[in-house]
Student: 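Structure below; questions to follow.
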Amino acid sequence: MRKKTLNDLAARAGDLIVVRVDFNVPVRNGRVADDTRIERTLPTLRRLTATGARLVLLSHLGRPGGRPHPEASLRPVAARLGELLGEHVRFSPETTGPEAVARARTLAPGEILVAENTRFLAGETRNHPELAAAFAALGTHFVNDAFGTVHRAHASTAGLALAMRARGGDAVAGLLLEREIRFLGDALEDPGRPFVAVLGGAKVSDKIAVIEKMLARADRLLVGGAMANTFFRALGLETGRSLVDEEGVDLAARLMDGAGDRMMLPVDCVVASRIAPDAATREAPRAEVGADDRIGDIGGASRRMFGDELQQARTIVWNGPMGVCEMPPFAGGTVAVARSAAAATATGAVSIAGGGDSAAAVRAAGLADDFSHVSTGGGASLAFLAGKPLPGLEALSDA
Ligand code: ADP
Ligand code: MG
């Protein structure tokens with residue numbers, strides 16, 4: 001890790017620390033419907049409050065578009081955080097400015113204040129320097145624990161880190177961010193081999209950079225999901241009425257040429273006349289997909305073939321489901337790959353699942369604890385795997 005972490009934080013008891021968390025959770029009828037993201041921040045928060053620090057928490061929630069929006073208030077999130085911590089958590093309806101600063105200053109050592117949604121402010125997503133400076137004025141040091149936002153340069157992420165450093169404070173990575181960077185970074189820089197990458201999901205063009213990066217580093221690239229359909233088309237196979245990324249077909253052909261036998265495509269598919277939760281399905285070799293068929297998942301032979309590769313892997317990086325995993329008739333391939341990766345992990349492989357939908361599928365299958373790491377950030381993990389810049393991380397203090 002080339003950036004400062006909690007271990008390097010030059011804070012003293014009573015210091016006011018600004019912590020950027022990812023509390024972008026679903027809220028329904030004023031209640032938090034899924035508190036996974038809140039729970040994930042507890043180690044960092046507990047570690048800081050145990051030293052007597054006073055914390056001001058910043059987060060975005062939803063896309064209120066730079067204006068206050070009652071439904072996107074963090075107030076219910078502050079309440080839920082308090083329940084999880086078993087302590088009262090305070091809330092500031094102002095995100096910045098004199099009132100917010102005054103509230104922060106009245107905190108007792110170990111107390112936490114959640115400030116209102118950063119995206120209620122117009123400068124947030126534009127990374128306005130004045131807003132970044134106003135965030136930095138809330139404390140003396142900055143901890144970023146919001147991995148899901150590091151691929152964006154916003155005022156409360158990259159801007160705040162730079163503004164805090166300009167004031168002479170530290171800007172460091174929290175435990176969650178540190179863990180994400182360690183797992184994803186090690187997998188890319190120094191993977192145990194064989195290194196097997198599994199890519200799926202909907203579109204090829206969205207994930208070109210990831211495919212290229214994985215082709216350069218991995219020993220095997222297993223392709224599933226609708227992404228495979230685009231490769232099938234490039235092979236001249238019938239894909240019927242399946243989802244194909246038309247713009248990506250030429251590119252898929254070029255990628256396949258360069259990859260040789262390191263890239264493996266499914267050999268069979270689960271097909272149906274419609275993609276629906278109650279669809280009647282059948283399995284077909286990939287050369288026998290009909291003109292009216294829709295491909296919804298990888299077939300049994302492909303699951304065994306991918307499973308064999310995963311069983312031998314020492315490093316597994318997985319992004320994107322193998323099929324329409326949110327519908328039971330088409331979820332089997334994704335679950336099979338998740339099980340194979342989990343089994344390989346049990347015998348010593350390092351396994352990382354990233355991507356919003358794939359991570360959700362791993363959790364839904366009850367296999368999250370059987371992976372070495374399930375990434376919390378969909379877009380951020382994709383950007384990391386693609387080797388794109390991560391402004392929220394770059395802006396932190398160098399170790
Ligand atoms: P992630 O969020 O893990 O990065 P993506 O967002 O790229 O994954 O892709 C997930 C979506 O791809 C899911 O909504 C899933 O239904 C869809 N998908 C996967 N395979 C197919 C397929 N064969 N046909 C249609 N949609 C598919
Ligand atoms: Mg997705």
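In what follows, residues are counted from 1 in the order of the sequence shown. One-based numbering, in listed order, for ligands and for the atoms of each. The figures here come from the full heavy-atom set of this structure, side chains too, leaving out hydrogens, waters and symmetry mates.
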Student: Does G225, backbone or side chain, put an N or O under 3.5 Å from an N or O of ligand 1?
Tutor: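 No, no N or O pair falls under 3.5 Å.
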Student: Does either side chain, that of E116 or that of S73, offer a donor lying less than 3.5 Å from an acceptor on the other one?
Tutor: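 E116 vs S73: donor-acceptor pair found between side chains.
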Student: Check whether the side chains of T345 and D370 place a donor and an acceptor atom closer than 3.5 Å, and report yes or no.
Tutor: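 There is no such pair (donor and acceptor under 3.5 Å, judged by atom type) between the side chains of T345 and D370.
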Student: Return the residue, atom name and 0.1 Å-rounded distance of the protein heavy atom closest to atom 1 (P) of ligand 1.
Tutor: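 Of every protein heavy atom, D357 N, 3.6 Å lies nearest to atom 1 (P) of ligand 1.
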Student: By number and element, which atoms of ligand 1 are closer than 4.0 Å to a non-hydrogen atom of G323?
Tutor: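 Listed by number with element: 15 (C), 18 (N), 19 (C), 20 (N), 21 (C).
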Student: Is there a polar contact, in the sense of an N or O pair closer than 3.5 Å, between I295 and ligand 1?
Tutor: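 Between I295 and ligand 1, an N or O pair is found under 3.5 Å apart.
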Student: If the cut-off is 4.0 Å to any non-hydrogen atom of G356, which atoms of ligand 1 fall inside it?
Tutor: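 Every atom of ligand 1 under 4.0 Å from some heavy atom of G356: 1 (P), 2 (O), 3 (O).
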Student: Does the residue G320 have a heavy-atom contact with ligand 1, meaning some pair of atoms that are separated by less than 4.0 Å?
Tutor: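 Per 4.0 Å heavy-atom rule, G320 contacts ligand 1.
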Student: Please list the nearest protein heavy atom to atom 21 (C) of ligand 1 with its residue and the distance rounded to 0.1 Å.
Tutor: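 Protein heavy atom with the smallest distance to atom 21 (C) of ligand 1: A226 N, 3.4 Å.
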Student: What is the name of the N/O/S atom in D357 that sits closest to the Mg ion (ligand 2)?
Tutor: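 So the atom name we want here is OD2.
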Student: Identify whether the distance between the nearest side-chain nitrogen and carboxylate oxygen of D35 and R80 falls below 4.0 Å.
Tutor: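 A salt bridge links D35 with R80.
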Student: What I want to know is whether G201 and ligand 1 share at least one N or O pair that is separated by under 3.5 angstrom.
Tutor: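 No - when backbone and side-chain N and O of G201 are compared with those of ligand 1, no distance drops under 3.5 Å.
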Student: Between R286 and S302, does any side-chain donor sit less than 3.5 Å from a side-chain acceptor?
Tutor: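 R286 vs S302: no donor-acceptor pair found between side chains.
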Student: Any luck finding a side-chain donor-acceptor pair between E247 and S205 under 3.5 Å?
Tutor: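 Distance-only check fails for E247 and S205.
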Student: Hydrogens and angles aside, do N24 and R63 bring a side-chain donor and acceptor to less than 3.5 Å of each other?
Tutor: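 Short answer, no.
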Student: Could you tell me whether the side chains of R20 and S156 share a donor-acceptor contact shorter than 3.5 Å?
Tutor: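 R20 vs S156: donor-acceptor pair found between side chains.
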Student: At less than 4.0 angstrom from any non-hydrogen atom of E326, what atoms of ligand 1 do you find?
Tutor: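 Result: 13 (C), 14 (O), 15 (C), 16 (O).
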Student: Check the side chains of E180 and H373 for a donor-acceptor pair under 3.5 angstrom, ignoring hydrogens and angles.
Tutor: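 Looking only at side-chain atoms, E180 and H373 do form a donor-acceptor pair, the distance falling under 3.5 Å.
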Student: Decide side chain to side chain contact (heavy atoms under 4.5 Å, CB included) for V223 and I211; before the verdict, give the C-alpha distance in whole Å, the side-chain angles of both, and the deciding distance to 0.1 Å.
Tutor: CA-CA 9 Å; V223 176; I211 300 174; over 6 Å; no
Student: At a 4.0 Å threshold, what atoms of ligand 1 neighbour a non-hydrogen atom of A202?
Tutor: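 That gives atoms 7 (O), 9 (O), 12 (O) of ligand 1.
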Student: Which option out of N319, V324, I275 puts a heavy atom nearest to atom 27 (C) of ligand 1?
Tutor: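 Checking each option, the heavy atom nearest atom 27 (C) of ligand 1 is found in V324.
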Student: Relative to the heavy atoms of K207, which atoms of ligand 1 are at a distance of less than 4.0 Å?
Tutor: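 Reading through ligand 1 atom by atom, the close ones are 1 (P), 4 (O), 5 (P), 7 (O), 8 (O).
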Student: Non-hydrogen atoms of M227 versus ligand 1: any pair closer than 4.0 Å?
Tutor: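 No heavy atom of M227 comes that close to ligand 1.
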Student: What protein heavy atom sits nearest atom 8 (O) of ligand 1, and how far away is it?
Tutor: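 Scanning the protein heavy atoms, the shortest distance from atom 8 (O) of ligand 1 goes to P321 CD, 3.5 Å.
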Student: Backbone or side chain, does any N or O of S358 fall under 3.5 Å from an N or O of ligand 1?
Tutor: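 Looking only at distances, the answer is yes, because the N/O contact criterion of under 3.5 Å is met.
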Student: May I ask you to identify, for K203, whether its side chain, its backbone, both or neither come under 4.0 Å of ligand 1 on a heavy-atom basis?
Tutor: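 None of K203 does.
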Student: Within a 6.0 Å radius of atom CZ on R46, are there more than 12 heavy atoms belonging to other residues, nucleotides or ligands?
Tutor: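 Above 12, so yes.
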Student: Does a side-chain N-to-carboxylate-O contact under 4.0 Å join D398 and K3?
Tutor: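 Here D398 pairs with K3 in a salt bridge, since their nearest N and O are under 4.0 Å apart.
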